[in-house]
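Report on the following structure.
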Amino acid sequence: MITSVKEILTKARAGGYAVGAFNTVNLEITQAIISAAAEMRSPVIVQLTEKTMDYAGGRNIFNIIKNTAEFYYPEVPVGIHLDHGKNFEVIQRAVEIGFNSVMYDGSRNNYSDNLSVTKKVVEFCKEKGVAVQGELGNVPYLGEMEMLDIDWNKYMTDPGQAEEFVRETGIDALAVAIGNAHGFAKERSEPDYARLEMISKSVDAPLILHGASDWENGRVREVIKRGISCFNVDTSLRLAFVNNLISRIKNKEDVSFDIRKLLNGAREAVKEQVKNKIKIFGSDGKI
Ligand code: G3H
Ligand code: 13P
Ligand code: ZN
């Protein structure tokens, strides 16, 4: 059942657990995510980026998610979210298609530009009932910069600024930077737990952690305790999908020209990965 992302996040925050926001690019990954959530009896967020809208067609991929949720797994609360919307146009495109939640990512802009565009996005989305996630601080990507000897202080969310940012913009969720990085990149030796605690105390909105694919149980538990309500997961699903295909092709397992057999194995590998994440995040059994 399509459910508002805001409701999914609010329940997670109140219940002291986190949900996964998993990136999809196609039919198989979408099915893997939602069927894993069904088996685990967990709410779930399925999200995609502008690149995926361009690749698959925004309406195509949106309707694959919607049909899978409504027709095949009506018992699972599924939120559909635009991940990393980088400009106003892509937000408008997603809202027009029917996304119930969007991220405006102004984290590469200076603070006042990030604040003013995020505010405009919220004004546009609020009247349409669409939730908005903003980002403050900067969660780097592998390849975007030199990841060795990185000065993490330059990337961190400032707790005082976070309070002002959430209050001034009216966003529904905030993505934070506490030493996390996208991809399987070298991250800060330990997340800045004290900073996260300060942000949680000063911000009255669910907090989102990007770049969480490679986080082990211990770290995940520590940040949930300190207020993280949602983890974004993309890289580990991509790896599960591609590695499954590569190894089966290499070992000549199930290799035929029946594309369905090939993709089914990859879909199962992604499903296992999603189930593991749901277990670690603690959203299993929360339907
Ligand atoms: O942070 C989000 C994604 O991992 C980036 O994915 O290649 O679809 O833009 P993308
Ligand atoms: P990973 O690269 O760790 O999967 O992070 C994904 C993400 O943050 C998507 O927004
Ligand atoms: Zn991200």
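All figures in this text were calculated on a predicted structure; none of them were measured in a lab. All ligand and atom numbering here is 1-based and tracks the order in the structure. Count residues from 1 along the sequence.
Close approach to Val233 involves these atoms of ligand 2, each under 4.0 Å from a residue heavy atom: 4 (O). For ligand 2 and Asn23, the ligand atoms under 4.0 Å from any heavy atom of the residue are 9 (C). Residue contact check: His182 has heavy atoms under 4.0 Å from atoms 1 (O) of ligand 1. Proximity to Gly183 (heavy-atom distance under 4.0 Å) selects the following atoms of ligand 2: 1 (P), 2 (O), 3 (O). Per-residue contacts place His84 under 4.0 angstrom from the following atoms of ligand 2 (heavy atoms of the residue considered): 10 (O). Under a 4.0 Å criterion applied to the non-hydrogen atoms of Tyr141, ligand 1 contributes the atoms 1 (O), 2 (C). Set against the non-hydrogen atoms of Asp83, the atoms of ligand 1 under 4.0 Å away are 2 (C). Close contacts between ligand 2 and His210 involve ligand atoms 8 (O), 10 (O) [criterion: under 4.0 Å to a heavy atom]. Those atoms of ligand 2 with a heavy atom of Ser213 less than 4.0 angstrom away are 1 (P), 3 (O), 4 (O).
There is no side-chain donor-acceptor pair under 3.5 Å between His84 and Gln133. For Asn23 and Asp83, the side-chain atoms include at least one donor-acceptor pair closer than 3.5 Å. Defined by atom type and a distance below 3.5 Å, a donor-acceptor pair is missing between the side-chain atoms of Thr30 and Thr68.
Scanning the protein for heavy atoms near atom 4 (O) of ligand 1, the closest one is Asp234 OD2, 2.7 Å. Protein heavy atom in closest approach to atom 2 (O) of ligand 2: Thr235 OG1, 2.5 Å. Protein heavy atom closest to atom 9 (C) of ligand 2, with residue, atom name and distance, is Asp83 OD2, 3.1 Å. Taking atom 8 (O) of ligand 1 as the reference point, the nearest protein heavy-atom neighbour is Thr49 OG1, 2.6 Å.
Neither the backbone nor the side chain of Val25 comes within contact range of ligand 1; no heavy atom lies under 4.0 Å.
Aromatic rings of Phe88 and Phe124 (six-membered ring for Trp) have centroids within the 6.0 Å cut-off, being under it. Checked against the 6.0 Å centroid threshold, Phe281 and Tyr17 do not count as a close aromatic pair.
Classification of Arg167 and Glu163 as a salt-bridged pair holds, one side-chain N sitting under 4.0 Å from a carboxylate O. Using a 4.0 Å cut-off between a side-chain N of Lys or Arg and a carboxylate O of Asp or Glu, Arg59 and Glu96 qualify as a salt bridge. A salt bridge does not link Glu123 with Lys120: every distance from a Lys NZ or Arg NE/NH1/NH2 to an Asp or Glu carboxylate oxygen is 4.0 Å or more. The pair Arg13-Asp204 counts as a salt bridge, with a side-chain nitrogen and a carboxylate oxygen less than 4.0 angstrom apart. With respect to the salt-bridge test (charged N to carboxylate O, under 4.0 angstrom), the residues Glu190 and Arg219 do not qualify. The pair Lys119-Glu168 meets the salt-bridge criterion, with a side-chain N (NZ, NE, NH1 or NH2) lying under 4.0 Å from an Asp/Glu carboxylate O.
Here the shortest heavy-atom distance to atom 2 (C) of ligand 1, taken over His210, His84, Arg238, belongs to His84.
Atom ND1 is the N, O or S atom of His210 at the shortest distance from the Zn ion (ligand 3). His182 contributes NE2 as its N, O or S atom closest to the Zn ion (ligand 3).
In terms of N/O distances under 3.5 Å, ligand 2 is not approached by Ser236. Remark: ligand 2 and Ala212 share an N or O pair separated by less than 3.5 Å (distance only, no angle test). Taking distance alone, with nitrogen or oxygen atoms compared against 3.5 Å, Ala181 stays at or beyond that limit from ligand 2. Checked by distance only, ligand 1 and Asn23 stay at 3.5 Å or farther apart across all their nitrogen or oxygen atoms. Checked against a 3.5 angstrom limit, the closest N/O atoms of Asn232 and ligand 2 fall inside it.
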Residues Met103, His81; criterion side chain to side chain contact (heavy atoms under 4.5 Å, CB included); working and verdict: CA-CA 8 Å; Met103 173 185 193; His81 176 73; 3.7 Å; yes
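Among Ser42, Ser229, Cys230, the one residue that satisfies the side chain to side chain contact (heavy atoms under 4.5 Å, CB included) test with Ser283 is Ser42.
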